[in-house]
Amino acid sequence: MTDPTALPAPAPTFDPHALPPLREVIARFGLDAKKSMGQNFLLDLNLTGRIARSAGSMTGITAIEVGPGPGGLTRALLATNAPRVIAIERDRRFIDALQDVVEASHGRLTIVEADALTVDPEQLAPAPRAIVANLPYNVATPLLLGWLARIEAYVSLTLMFQKEVADRLVAKPGSKAYGRLSVITQWRADARVLFNLPPRAFTPPPKVESTVVQLVPRANPEPAEWRILEKVTAAAFGQRRKMLRQSLKSLGDAEALLEQVGISPTSRAEEVDVAGFAALARAVQAREAANPPCP
Ligand code: SAM
């Protein structure tokens with residue numbers, strides 16, 4: 001019988017440098033970067049190692065990577081203690097190119113050929129699981145929103161975004177970057193910037209700076225319903241320069257709602273913190289429950 005208190009077996013050691021250099025892999029398989037797939041590769045294994053280590057201890061945790069591409073970050077994840085790495089890639093060309101890494105991983109690496117927007121990572125890997133990825137920037141926000149909706153299913157998300165998006169994720173009330181994405185993100189997760197990377201770190205270099213952000217599920221998020229919080233923040237930030245008594249008119253009697261939750265009707269969306277928006281969402285929900293739409 002297995003001892004339930006036994007620690008998970010340590011992951012076998014993996015040397016990311018033992019495989020052919022990434023530039024060689026790219027040349028051999030003709031992996032020219034496609035802009036339409038958000039392909040900007042990290043070919044410096046010191047850098048991918050830094051990202052993988054910044055995710056924290058992976059002991060006993062399945063690492064899920066979106067978009068392994070030529071495999072720089074995948075190799076770095078295999079060099080951590082993660083017992084398993086599952087990489088979801090949409091571009092078929094990389095599936096062949098990654099076969100050497102699969103073989104060298106001794107069964108720890110699984111590549112899933114799929115569009116990550118249509119995949120539920122919870123179906124691929126048992127808990128505990130963490131996502132670590134250099135995201136394709138063209139779909140980074142919808143991917144993040146999908147994971148945030150079930151953030152409690154992950155130990156953490158360690159993700160590379162374009163800096164402008166990262167700034168929005170961690171923005172505080174009163175700042176220009178503070179908006180819907182900040183509220184939804186910080187409602188569900190503690191988000192912090194780990195480090196920035198200049199365009200030259202990537203091949204080909206993107207036009208923008210990049211930032212690695214870590215998101216960890218919040219232990220006690222304010223109660224609110226996702227759908228209603230989205231509705232309230234959409235109304236509030238859709239007219240962010242207007243006073244809330246004006247911008248929230250579409251929700252019904254805005255003045256009464258605001259008064260009920262103790263927010264000044266003359267304040268603007270960017271002055272309201274996450275707790276304030278959650279309180280507004282609860283008030284809207286209570287009102288909806290009291291006045292259900294006619295059948
Ligand atoms: N991880 C590699 C690295 O750091 O060098 C590549 C990162 S590159 C920014 C984004 C990767 O995501 C590419 O390999 C691209 O083919 C893949 N990708 C793009 N859209 C995707 C999607 N919807 N689902 C899964 N992978 C996707």
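Whatever order the structure lists ligands and atoms in, that order sets their numbers, starting from 1. Predicted, not measured: the structure shown is a model, and the values here were computed from it. Just so you know, these numbers use all the heavy atoms, side chains as well, and skip hydrogens, waters and symmetry mates.
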What protein heavy atom sits nearest [atom], and how far off is it?
atom                    : result
atom 16 (O) of ligand 1 : E89 OE2, 2.6 Å
atom 23 (N) of ligand 1 : D115 OD1, 2.8 Å
atom 6 (C) of ligand 1  : G67 O, 3.3 Å
atom 10 (C) of ligand 1 : G38 O, 3.5 Å
atom 5 (O) of ligand 1  : L42 N, 2.8 Å
atom 4 (O) of ligand 1  : N134 ND2, 2.8 Å

*asked:* With rounding to the nearest 0.5 angstrom, report the CZ to CD distance, R227 to Q285.
replied: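 Result: 7.5 Å between the selected atoms.
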*asked:* Apply the hydrophobic cluster definition, ILVMFWY joined by side-chain contacts under 4.5 Å directly or through others, and give me every member besides V155.
replied: M58, I61
*Run the numbers for me: atoms of ligand 1, each under 4.0 Å from some heavy atom of A116, listed by number.*
22 (C), 23 (N), 24 (N), 25 (C)
*Below 4.0 angstrom from a heavy atom of N40, which ligand 1 atoms are there? Numbered from 1 as shown, please.*
7 (C), 8 (S), 9 (C)
Test item, [X] contacting ligand 1 (heavy atom, 4.0 angstrom):
X    : result
E65  : yes
A114 : yes
L135 : yes

*Using heavy-atom distances, let me know which of P70, S36, P136, P68 sits nearest atom 2 (C) of ligand 1.*
P68
*Report the member of M37, M160, R90, R92 with the shortest heavy-atom distance to atom 27 (C) of ligand 1.*
R90
*With the 4.5 Å side-chain cut-off for hydrophobic clustering, are L229 and L215 part of the same group?*
yes
*Among the clusters formed by ILVMFWY side chains lying less than 4.5 Å apart, do V212 and I64 turn up in the same one?*
no
*Salt bridge present between D32 and R93 (N-O < 4.0 angstrom)*: yes
*Search all heavy atoms of R240 against all heavy atoms of K176 and return the closest pair with its distance.*
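Result for this residue pair: NH2-O, 3.4 Å.
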*Evaluate the side chain to side chain contact (heavy atoms under 4.5 Å, CB included) criterion for residues T48 and N134: first the C-alpha distance (whole Å), next the side-chain angles of each, then the deciding distance (0.1 Å), finally the verdict.*
CA-CA 9 Å; T48 57; N134 171 18; over 6 Å; no
*Do the rings of Y178 and F237 sit parallel, tilted or perpendicular, given the 30° and 60° boundaries?*
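Because their plane-to-plane angle is over 60°, the rings of Y178 and F237 count as perpendicular.
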